[in-house]
Amino acid sequence: MNSLLMRYRSVLVLIVVLTVVTMLIRANTVWLDTSVVIAIYSLIALSVGISYGQAGILSVAQAAFASVGAYATAIVTARYDLPAAVGLVLALLLPPLIAYPLARLVTRLNALSLAIATLVFGQAFDIILREGGDFTGGYIGLSGIPPLPFASGLLQFHFVAWGAVLIVAVLLSNLIDSPFGRATNTLRSDTLRAVADGVNVPHVRSAILAFSASVAGLGGWLYAHHIAYIGPDSLGPSVSLSVLLMAVVGGAQTVLGPIIGAALLTLLFKFIPSQEVQGMFYGGALIAVLVLTPNGLMGLRTVIGRWMKSSATKRERATANVATGVSAARRAS
Amino acid sequence: MYELLEFSSRGVLLGVTYGLLAFPISLLFIATDTVDLAVGAYAVLAGAVAMFVGGSVNPAVGILTGILVGVLASAAIGSISLMLGRRQKGDPLVLVLASFGFAIFLESVVLTLFGKDPFIRQPFTYFWNIGGIRISPQAGVNVVVGLLLIAAVYVLLYRTSWGRDVRASANNERAALLAGIPVRALRFSAFMLAGLLAGIAGVLVLYTSGMDFASGMHLTLAGFGAAIVFGLHGPLRGFFGGLAIGVVETISAGYANGGLASLVPLLFIFLVLTLGRGGRQGPAGVRA
Amino acid sequence: MISGRKLLVAALLATVSFAASSAIAQNAKPLKIGLLLSLSGPAASFGIPERDAAELIVAGLNSQGGVDGRKVELAIYDDTTNPTEAARGATKLIREDGVVAIVGASTGSGTLAAAPIAAREKIPMLAPNATISVTARESQSYPYVFRTMSNDLVNTKQLYEAAIAGGAKKVAIFYQEDAYGKDSATYVKKLAEERGAPIVDMASAPLKSIEVAAQAVKLRGSSPDAVIMQVTAPALGGAFVRAAKQVGLDVPIWGSMGLGQKSFIESSGAAGNGVRLVVFGNWDDPSPRQAKLADVMKAGGKSPQGFAELISTNGLLAIVEAARKIKGDITGPALRDELEKLCKVTTYSDGELCYSKDDHDGWSTDALTTVEIRDGAFKRVQ
Amino acid sequence: MSIEVEKIDVRFGGVTALQDVGLTLQRGEVLAVIGPNGSGKSTLFNAITGFVDIASGSVAVDGKDMAGIPAASRIASGISRTFQTPRINPAATVEDSVLCGFHPHARISFWEGLLRPPAMSRTEAELRRRRTRVLEQLDLLGFAEQQMGELPMGIVRMVDIARAMAAEPNYLLLDEPAAGLSKTEQNVLIQQVRQLAKQGVGVLLVEHNFGLIRRLADRVIVLDRGKVLLRGTADEVSKRPEFVTAYLGTSVQ
C-alpha cells in the first residue's frame with residue numbers, strides 16, 4: 001500500500017491541486033481558457049519529460065509530433081465529418097509511427113547531434129506542412145475544426161484536458177516504476193551500463209520516443225478541438241523550444257516538473273509586460289533557473305535536502321570523527 | 001553547365017559566411033565539449049553595434065567596438081558555464097539550454113537598443129567581373145578574412161601551448177587537472193575566443209548581406225549545420241562544411257522551386273548526420 | 001382632472017429622469033474596443049505601429065467627447081505572432097475586458113485562429129490582413145469578420161497590371177515562402193496565363209534568407225523584362241534587389257505593398273533606385289488624407305512607417321462610425337449589423353470604405369497608389 | 001557447454017589490441033586472465049561480450065556463433081560482466097542498482113510497464129525478493145537504501161558484482177573484482193565465486209591480485225601485448241620465467 005502511495009504521489013498532488021484550482025476558476029472563462037492551454041502545453045512538455053527526462057533523448061521536434069495529431073484530427077473531422085474519436089485514434093497512432101523509425105535513425109547519435117537531427121527534422125516537417133497544398137491547408141492552415149461533442153463548454157473541456165494529463169501522469173508513474181523504466185533510467189546516465197544489463201538500447205530509446213510522440217499527439221488533438229484552427233505556426237518549431245524550456249525549468253526527470261513548467265511559463269507570459277524587453281525576462285529567468293537548480297524547480301527539493309543534510313553532517317562530523325577514522329583504517333588494511 | 005559553375009562559385013562565397021560562423025562553434029566544442037547556441041546572437045550584437053557606432057563615430061571604431069562587445073557577451077556565457085560546471089557534472093545539455101536562454105536575452109537587448117529595422121552596410125557600389133560572374137568586392141574581403149582566420153585558428157590550436165592544453169583538457173578533464181592545466185581558465189578563454197570569432201563573423205555579415213535583431217538563431221543554425229557536416233572535431237572541417245552547405249543551398253535554390261529548395265539543404269544535413277560517422281556515440285550502444 | 005394632470009407631469013418627469021439617468025449611465029460607461037496585435041515576434045513590425053496609431057486616434061476622439069458622449073477605451077493583447085495566443089487573446093478581451101469589437105489580429109493566421117471565438121461570442125473582428133481566406137464566405141466566422149484594407153487579390157492584380165502597363169511581356173516572379181508570397185504568386189501566374197503571356201520563371205526564398213543571389217541568377221536565366229517581388233519582409237526584399245543588381249539582372253523590379261517601408265529603402269541601398277511598388281499608403285509623399293494621420297502621429301511623438309497605421313485606424317474608425325449609428329445598447333450583434341450597412345465612409349486611407357452583407361472586404365483598387373524609389377524616398381508615380 | 005574463443009584479432013585504428021587469442025571457458029570452472037596493464041585483458045572481455053568488434057576469429061557460446069549478435073542480446077542470453085571501473089549512477093540506491101541487474105529476467109514489455117497489469121506486480125514482487133537474497137549473499141543488506149555515490153569503492157564494486165549476479169548468468173566475467181576490497185570483502189567474494197562455480201557458472205576473471213587467483217582460479221591465461229604468453233594452473237604459471245619477466249614492475253603477491 002505504501003509503495004502504491006509512493007508510485008502515485010505525483011498524481012495525488014496533481015489531483016488535489018486541480019480540485020482546488022477548479023473550484024476557484026470554474027466560473028471564469030478566461031482562467032478556464034488559460035487552464036486548458038496549460039493542460040495542452042503540459043502534455044507536450046510531458047512528452048519532452050518522457051523522451052529527454054527519462055531516456056536522455058533531447059528531441060527538439062515534439063511540437064511537430066503534436067502537430068501531426070492536430071492535423072490528423074483536423075483533416076478527418078473538419079473535412080470528412082468523421083467523429084473526433086477517429087481523430088483521437090489517429091492522433092495517438094500516427095506520431096509514434098513517424099517517431100519510431102526516426103528514432104531508429106537518430107538515437108545512435110551522440111546527444112548533441114541527436115538534438116540537431118530532431119531540430120532539422122522539425123524544420124523539414126514545417127516546410128512539408130506549408131507545402132502540403134489543400135491537404136494540410138498550406139501556409140493558411142485548417143479552420144472550422146468542430147468542438148468535442150461531449151465537451152462543448154469550457155468547463156467540460158477543462159476536465160477533459162486535465163483528465164488526459166492525469167492519465168498520462170499515471171502511465172508515466174507506472175513506467176518509471178517498472179523494469180522498462182529502470183532500464184530507461186540507466187541508459188540515460190550511462191549507455192554502456194545499460195548494455196551490460198542486457199538492455200536493447202536502440203529499441204528502448206525508440207519505444208520511449210514513440211510513446212512521447214503519442215503523448216504529444218494527444219496534446220495536439222486537444223489543441224485542434226480547443227482552438228478550432230491549426231496552421232503551420234500553431235505548433236511550429238518555436239513551440240518545440242518553448243515546451244523544452246517548460247520541461248527543463250520544471251524538472252524534466254519528474255512527473256510533475258513539466259506540468260509545473262508549463263503552468264509557470266504560461267502564467268509568466270500572462271504577467272510580464274509584453275514589450276520588446278520581454279525576451280530579457282524570459283531568457284534571464286531560464287538562465288537563473290538553470291544556474292540555481294539544474295534539475296529544474298522539482299530539483300529544488302534535492303538541492304534543499306542536500307543543503308540541510310550537509311549542514312547537519314557538518315555538525316555531526318566533529319563528534320563522528322573517531323568512528324570514521326576507525327572504519328577508514330579498516331578499509332585501508 | 002556555365003550556370004552550374006556560377007551557382008557553385010556563389011555557393012562557395014555564401015558558404016564562407018557559414019564557415020566563419022562554424023569556427024566558434026567547433027572551437028568551443030573542441031575546448032569544452034558543449035555547444036553555445038548564442039553564437040549567432042553575438043554575431044548580431046557585434047553587427048548592430050558596429051553599424052550604430054560606425055554610423056555615429058567612424059566605421060573602423062564601429063567594427064572594433066562591435067567585436068569587443070561580442071567578446072564581452074561571450075564572456076558572460078563563459079561565466080555562466082563555470083557556474084554550471086561547479087554545480088553540475090556531466091550533462092552538457094544544461095549549458096546548451098542556458099546558452100539558448102542567453103540567445104533569447106541578447107535578441108531582446110538588440111531589439112530594445114537598436115530597433116526592428118534591418119542592419120546593413122554596403123560600402124562597395126561597384127562589382128568585380130571574374131570570368132563573367134559579377135561579384136561584390138566584399139566577397140573577396142570575406143574570403144581573405146576567412147583564410148586568415150583558418151590559419152590563425154590552426155596555429156593557435158596545434159602550434160601553441162594554449163592549444164595543446166585546450167585539446168588535452170577537452171580529451172580528459174581529470175587528467176588535465178592532475179597535470180596542472182588550469183582547465184577552468186582555459187574554458188573561459190575558449191568562450192572569449194569564440195565570441196571574438198563570432199563578432200568578426202557578425203561584422204562581415206553586416207557588410208555582406210545584413211541581418212536584423214531576429215537573425216541570431218538563423219545564423220547559429222547555419223553555423224551549426226556547417227560545423228557538424230564533416231564532424232565537430234575540427235574547425236577546418238567546419239569551414240569546409242560551410243562551403244559544402246553554401247553550395248548545396250545555392251544549387252538547390254537555383255534548380256528547385258519553392259519549399260523544396262529550402263528542404264534540400266535540411267535533408268542534406270539530416271542525411272550526413274544520420275548516415276555519416278561524425279555524430280555517432282561509442283561503439284557499444286550503437287548496434288541494433 | 002387635477003389628478004390627471006398630476007399623473008401626466010409625474011409621467012413626464014419619470015421619462016425625463018429615466019432618460020437622464022440612462023444618459024448618465026451611457027456617459028459613465030466607456031465604449032471598450034479590443035486590440036489583438038502582434039507586439040512581439042516576427043510580426044511586431046506591423047503590430048507596434050498598428051497599436052501606436054490606434055492609441056493616438058482614440059486619444060484624439062476622446063478629447064473631442066468620444067462617441068456620443070462615451071469615452072472610447074482600448075484593451076490591448078499581445079499575441080506574440082502566435083495563433084494560439086491570438087485565440088487566447090480573443091477570449092480574454094471579450095470575456096474579461098468586455099470589448100464590443102476587436103481590431104486584429106496582425107497576421108492572417110492569428111485572425112483565423114481568433115475569429116471562430118469572436119463569432120461564437122458575437123463580437124465583430126476588424127481584420128487588418130490582406131489574406132484572402134480571412135473573409136471566406138463559407139467560413140462559419142464570416143458574419144463577424146470584416147477586412148480593413150484591400151485584399152490580396154485586388155493588390156496583386158493591381159501590381160501585375162501596373163507592371164505590364166509599362167510594356168513588359170516576359171514577367172518573372174520572386175516570392176517569399178509564406179501564405180502571402182505563395183498564394184499571390186500563384187494568382188499572378190493564373191492572371192498571366194489568362195492574358196496569354198505566361199510567367200517566364202519563378203524563384204522563392206524563406207522569410208529569413210540573407211542571401212538570394214542564386215535566385216536572381218535563376219531568374220536571369222529566363223531573361224525576363226520585368227520582375228515582380230511578392231515579398232513583405234524588407235530585409236528579404238532588399239537582399240533580392242541588391243542581388244539582382246549584382247548578378248546583372250538589370251530589369252524593372254516591382255514590389256508588393258509590404259515593402260512600402262523605410263527599412264526596405266535602407267536595406268536595398270543604391271540598388272533600390274527605380275524600384276516601383278503598389279502601396280496602400282506613402283508617408284514620403286502622402287495624399288491629403290494620409291497627411292492628416294501623419295500629423296496626428298507626429299503630434300503624438302510617433303512617425304508613421306508603413307501601411308500598418310492606416311489599416312488599424314481603418315478598423316477603429318469603422319467601429320466608431322457603426323457605433324454612432326446605433327440608437328440603443330451598443331452590442332456585438334448591433335455593431336455587426338451597422339458595419340454591414342456602412343458605405344461611402346472616408347478614413348485616413350485613400351478610396352472609400354464600403355461593406356455590405358455580401359462584401360466584408362471594404363476597400364478596393366482606389367485605395368492603392370504606385371510609387372517609385374528615388375534618392376532614398378518613395379515618390380508618387382502619376 | 002562452454003564459451004569458445006578462437007583466434008580472435010581486435011584492432012583499434014592501426015593498433016592491434018589482441019592477436020590470435022583463444023580460450024575455452026567451461027561452465028563450472030574459474031578461469032583467470034592476467035597480464036600487465038595494456039596487455040588486452042579488458043579488450044578480451046569486450047570482445048567476448050560484443051562491446052568491441054573482432055577483426056577475425058570467432059566467439060561461440062554453448063556452440064552458437066556470436067558473430068553479428070549485439071552486446072545486449074549476448075548479455076541477455078546468459079553472459080554477465082562487470083567493468084574495471086564500476087559504471088554507476090551515483091544518485092541511484094544500492095537496491096535499485098541491483099534491481100537493474102534483473103533486466104534479462106524481468107521480461108516485462110513496454111506495454112506492461114505502462115499499464116501495470118496484476119501479473120507485472122507479481123513479477124516485481126518476486127524480483128524484489130530475489131534482490132534481497134542477492135544482497136544478503138554478498139553481505140550488502142546494510143547498505144540497501146544508500147545512494148551509490150556515497151559509498152566507498154569496495155562496496156560499489158560488490159554492488160556491481162551483485163548486479164551481474166542478479167541476472168543469474170551461465171557465464172560471469174569479472175573485471176578486477178577485488179581491487180579496493182577489504183580482506184573481509186575479499187573473503188565474501190571468494191566464497192561467492194566458488195559457490196557460483198559449484199552451481200555450474202563459468203567465471204572469467206581479470207585480476208592483478210595473484211594471491212586471490214591462487215585461491216580461486218582453476219586455470220590461468222597470461223596475456224602480454226595482446227598475445228597469449230602462457231596457460232596453466234596458477235602454480236605452474238608462477239614458476240615460469242616468462243611470467244616473471246612479463247610481470248616485472250607489477251604487483252605479484
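A, B, ... follow the sequence lines: proteins, then strands. Residue 1 opens every chain.
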Exercise: identify the closest heavy-atom pair between [X] and [Y]:
X       : Y       : answer
A196(A) : F51(D)  : N-CZ, 3.8 Å
D177(A) : M120(D) : O-CE, 4.2 Å
V195(A) : A71(D)  : CG1-CB, 3.4 Å
F180(A) : S109(D) : CD1-C, 4.2 Å
C100(D) : T186(A) : SG-OG1, 3.5 Å

Pairing of D96(D) and R182(A) as salt bridge, 4.0 angstrom limit:
no
Applying side-chain hydrogen bond (donor to acceptor under 3.5 Å, both in side chains), name anything that partners S42(A), two or more places apart in sequence or on another chain.
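Result, side-chain hydrogen bond (donor to acceptor under 3.5 Å, both in side chains) vs S42(A): none returned.
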Looking at E145(D), I want to see if its CD is surrounded by more than 12 non-hydrogen atoms of other residues, nucleotides or ligands under 6.0 Å.
no
Between [Y] and [X], is there a side-chain heavy-atom distance shorter than 4.5 Å?
X       : Y       : result
R116(D) : R7(A)   : yes
E112(D) : P179(A) : no
D160(D) : R193(A) : yes

How long is the gap from CG on D197(A) to CZ on R81(D), to the nearest 0.5 Å?
11.5 Å
So, taking the atom named CG in N46(D) and the one named CG in L192(A), what distance separates them when rounded to the nearest 0.5 Å?
8.5 Å
May I ask you to list the residues in residues 122-134 of chain D that approach chain A closer than 4.5 angstrom, counting heavy atoms only, ordered by number?
E124(D), L127(D), R128(D)
Once ring pair (Phe, Tyr, Trp, His ring centres under 6.0 Å) is applied, do any residues pair with Y171(D), and if so which ones, sequence neighbours excluded?
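Residues passing ring pair (Phe, Tyr, Trp, His ring centres under 6.0 Å) with Y171(D): none at all.
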Less than 4.5 Å to any heavy atom of chain A: does that hold for the side chain of F102(D), its backbone, both, or neither?
neither
Chain D contact residues among residues 165-175 of chain A, heavy-atom distance under 4.5 Å:
L171(A), N174(A), L175(A)
Counting heavy-atom pairs under 4.5 angstrom with chain A, the leader among N89(D), L99(D), L115(D) is L99(D)
